[in-house]
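Below: one structure, written as structure tokens.
Computed from a prediction, not measured in an experiment: that's the story for all the values here. To find a chain, count down the sequence lines: A is the first, B the second, and so on, and within it residues start at 1.
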Amino acid sequence: MPGWETVFQKVDDYRWLIPRSFKPEMRTDGLLYADEAMLPLLYKENAHVQVANVACLPGIVGYSLAMPDIHLGYGFAIGGVAAFDPEQGGVISPGGVGYDINCGVRVLRTNLHKDEVRKKINDIANELAREVPSGVGSTGVISLSEKEMDKVLTEGAKWAVKNGYGVNDDIEHTEANGALAGADPSAVSHHARERGKDQVGTLGSGNHFLEVQFVEEIYDEAAANAFGLQKDQVTIMVHTGSRGFGHQVCSDYINILHKAVAKYNIYLPDRQLVCAPVNSPEGKQYFSAMCAAANFAWCNRQLIMHWTRESFAKAMGATPQQLGISLIYDVCHNIAKMEKHKVKGVGGSEIEKLLCVHRKGATRAFPGDPVLVPGDMGRYSYIMVGTELAMNETWGSVCHGAGRRLSRSAALRKYNYKELMADLDKQGIVVRSASRKGLVEEAPEAYKDVREVVDVVHNSGLAKKVVRLRPMVVVKG
DNA sequence: ATGTCC
């Protein structure tokens, strides 16, 4: 049985090529960012095959890219990045975005020191668990009418702020200002709207979380300062997406686009890569629906931020203004966006082109922007900063998290609730979970060490480490 | 990720 050495060609310590010769239908090479120790595992689970499959799709520009947290996903690997040129028959694919459209991370700063929060830690945990609904199928306090749903789908986080759930500064620190212009509510099914109408402002389940954290380590003083961060300062991180709404949009369009694949005679190495030309009516319709789901998710995270502010204020006996709770950044890691990027034109000259950039389990990392990389609930998360190199190599994209080491079922076999809670308690981490089973599935040891993923990104130069954040309170579904 | 199967 040949090993990874037969597939990956070393470019340097952090870059590995999957050459076109791997599969005859590949239109371009794959490029994986990883250290050598990561290669056997991802080779064993065939994640590289999914990277090669994406390289077979029409209109792909540059490499089929893979981040160090790559693992198997629906069609496209999670941790995959690929750009397509609409003028060259380039495609858009629901599998290249993922079921949780605009799954993303929001991080807030406070002016609180970790010792102040430590004194009130149980009150804070209780308030957060009470104010922010979580768990499978969880519903919130807002029930959207048809008309209000339309507004959420076009205005995103701005709808929340307009209705008193936040301030304009929050919008200014959200990717795309919390709303993509391409959204069309009429492209979304009645079914998706029904599933979503009571779910806005809810955390969900699985790896989604709300954490109170503190700045444990600073790697880059200047960047930390620019983000308003110093050692031992308390931050709050929210990781969630578009809930059942985005899931339904994805399901609907996987079905719809199967017909488009036949109609436009697109060769697929894997049926899960179902897609349509960006410029086709079907492709445009998916894009409009996907933008609507992205806006739903930004509204969701904005509402959760608002209730987080209120929870903190109540628990600390102060106003949100006194606590200085403000948004550092909100960035998505599951999306396809139309972005202008530099590409090589005829004769090697550089030109700017509008591309459809798929980021599936990959975070946008534009120069100077914060890059939010959650880890697991027992160890740490990171804030990085984007660089010019990422613009040149990965369409301004990097990793999105740790990735699982054990399956959910394996985690359930290996760990139990009582021991897990005792272990987290020993580390001073207070947990509120809607489901015991759900929590055990999320045991820290079920995840890879996010430090290794972040170090590959840092050492390759795609993004730079700014701070490491240590959890204090974990709220999970 | 997900009304963890329409």
For atom [atom1] of [X] and atom [atom2] of [N], their distance in whole Å:
X      : N     : atom1 : atom2 : value
A:F296 : B:dT2 : CZ    : P     : 11 Å
A:K437 : B:dT4 : NZ    : C1'   : 8 Å
A:H191 : B:dC5 : NE2   : P     : 15 Å
A:N255 : B:dC5 : CG    : P     : 17 Å
A:Y99  : B:dT4 : OH    : P     : 14 Å
A:I101 : B:dT2 : CD1   : P     : 12 Å
A:R404 : B:dT4 : CZ    : C1'   : 13 Å
A:Y74  : B:dT4 : OH    : C1'   : 16 Å

Which residue in the set A:V117, A:T308, A:I236 passes side-chain contact (heavy atoms from CB on, under 4.5 Å) when paired with A:T110?
A:I236

Name the orientation class of the two ring planes belonging to [X] and [Y] (parallel below 30°, tilted from 30 to 60°, perpendicular beyond 60°).
X      : Y      : answer
A:Y382 : A:Y380 : perpendicular
A:W307 : A:Y165 : perpendicular
A:F84  : A:H358 : perpendicular

At 4.0 Å (heavy atoms only), tell me whether A:E194 reaches a base, stays on the sugar-phosphate, or touches nothing.
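Nothing: the residue A:E194, judged by heavy atoms under 4.0 Å, touches no strand.
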
Ionic contact status for A:K259 with A:E282, cut-off 4.0 Å
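Answer for the salt bridge query: no.
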
Salt bridge check: are A:D449 and A:R405 linked by an N-O gap of less than 4.0 Å?
no

For A:R27, does the CZ atom have more than 12 heavy-atom neighbours from other residues, nucleotides or ligands under 6.0 Å away?
yes

Hey, which of these two, A:H208 or A:V136, hits DNA chain B nearer its 5' end, going by closest nucleotide?
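Nearest-nucleotide comparison on DNA chain B picks A:H208.
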
Near-strand residues of residues 241-249 of chain A, defined as heavy-atom separation under 4.0 angstrom from DNA chain B
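Output list: A:R243, A:G244, A:H247.
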
Is any side-chain nitrogen or oxygen of A:S251 closer than 4.0 Å to OP1 or OP2 of B:dT2?
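Checking A:S251 against B:dT2: no side-chain N or O falls below 4.0 Å of OP1 or OP2.
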
